[in-house]
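This is a predicted model, so every value here is computed, not measured.
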Amino acid sequence: MNPDTIWIWVGAFLTLCIFSFLYRDNPFYRFGEHLYVGVANGYLVAFMWHRVIVPVMLDPFLEAFRIAGEDGLSADLFNPVSPANFLLIIPALIGCLYFMRFVRRYAWLVRIPIGIFMGYYVGVTVPALFEGTVFPQMRGTLLSRGSFSDPVEGIWAVLVLIGVLSTLAYF
């Protein structure tokens, strides 16, 4: 039997296990659900460790320790664009604050990395959203001298501009 055929049957069985929820909650569904969540989390942890944490954070940080041990501390080791720097400890510590969720007394500290994360992504996406959707809509309704060549067209142009600005402000 071909090894690919075995995995096709495993996939078909797990698909039927998940679809069995359409009838009602049952042990087959729970098995498929738990297996999926476990495999997905295991893959995510391994991926993040080997592709993000080690090459982006640990290797440059350990390289900075090596260089500091050989040559002593220098300003270049605190340069954010340097391949070896000590400043990586700051995002590492902020990331570790996520685990304060599990310490009841210090659970409020988890708000700090969440606030940083939300603030960063709002700051990145809001200007892009305005540049990509709001400004092109407004650009299409801007008044020009040609709009006022006829008084009726000028009145309609002003009404359309007010309507677009009101709609954008409301939503």
Side-chain angles (χ1 to χ4, degrees), residues 3-4 6-19 21 25 27-140 142 164-165 167-171:
D4 292 339
I6 294 170
W7 289 112
I8 291 172
W9 281 107
V10 168
F13 172 72
L14 292 174
T15 301
L16 291 175
C17 286
I18 297 299
F19 277 139
F21 185 74
D25 193 14
F28 290 110
Y29 171 74
R30 284 193 297 267
F31 169 75
E33 178 186 32
H34 289 37
L35 183 66
Y36 176 76
V37 170
V39 168
N41 281 328
Y43 177 78
L44 178 69
V45 166
F47 182 86
M48 293 299 284
W49 178 259
H50 292 288
R51 299 282 176 105
V52 177
I53 293 173
V54 170
V56 174
M57 189 179 68
L58 287 181
D59 286 347
F61 193 67
L62 294 175
E63 180 68 13
F65 268 115
R66 187 189 64 75
I67 292 172
E70 292 175 359
D71 303 334
L73 283 176
S74 67
D76 193 42
L77 293 176
F78 294 95
N79 183 358
V81 294
S82 174
N85 67 60
F86 284 118
L87 292 179
L88 290 173
I89 194 69
I90 296 170
L93 291 175
I94 291 172
C96 288
L97 287 177
Y98 274 113
F99 293 107
M100 289 295 107
R101 175 84 173 105
F102 303 116
V103 181
R104 172 162 277 166
R105 185 172 181 188
Y106 300 108
W108 60 273
L109 287 173
V110 77
R111 294 177 184 166
I112 294 170
I114 290 173
I116 292 170
F117 179 79
M118 289 176 61
Y120 173 78
Y121 280 102
V122 166
V124 167
T125 57
V126 166
L129 178 77
F130 271 85
E131 193 66 37
T133 59
V134 175
F135 291 152
Q137 289 179 18
M138 290 180 63
R139 202 172 290 126
L142 284 177
V164 168
L165 290 177
T167 303
L168 289 174
Y170 179 77
F171 290 109

Counterpart residues, side chain to side chain contact (heavy atoms under 4.5 Å, CB included), relative to I8 (two or more places apart): none
All side chain to side chain contact (heavy atoms under 4.5 Å, CB included) counterparts of D25, not counting sequence neighbours: F21, Y29, R30
Distance, nearest 0.5 Å, that separates CD1 of I18 from CZ of F31: 10.0 Å
Listed partners of I90 passing side chain to side chain contact (heavy atoms under 4.5 Å, CB included), at least two apart: L87, I94
Inter-residue atom distance L88.CG - L93.CG, 0.5 Å rounding: 11.0 Å
Minimal non-hydrogen separation, G32 against C17, with atom names: CA-CB, 4.5 Å
Please output the side-chain donor-acceptor pairs of residues 45-55 that fall under 3.5 Å, not counting sequence neighbours, one pair per line with the distance.
none

side-chain hydrogen bond (donor to acceptor under 3.5 Å, both in side chains) partners of residues 54-70, not counting sequence neighbours, each pair once: E63-R66, R66-E70
Heavy-atom neighbours of F61 CZ exceed 12 at 6.0 Å: yes
Atom OH of Y98: over 12 foreign heavy atoms under 6.0 Å: yes
All salt bridge (charged side-chain N to carboxylate O under 4.0 Å, His left out) counterparts of E33, not counting sequence neighbours: none
D71: partners by salt bridge (charged side-chain N to carboxylate O under 4.0 Å, His left out), with sequence neighbours left out: none
Between side-chain atoms of residues 103-132 and protein atoms elsewhere (two or more places apart, or another chain), which donor-acceptor pairs fall under 3.5 Å?
| from | atom 1 | to | atom 2 | distance (Å) |
| --- | --- | --- | --- | --- |
| T125 | OG1 | Y121 | O | 2.7 |

Closest contact, heavy atoms only, P83 versus P60: O-CB, 3.2 Å
pair I6-W9: side-chain heavy atoms closer than 4.5 Å: no
Results of ring pair (Phe, Tyr, Trp, His ring centres under 6.0 Å) for F78 - residues two or more places apart only: F86
Derivation of the side chain to side chain contact (heavy atoms under 4.5 Å, CB included) call for V10 and F13: CA-CA 5 Å; V10 168; F13 172 72; 5.8 Å; no
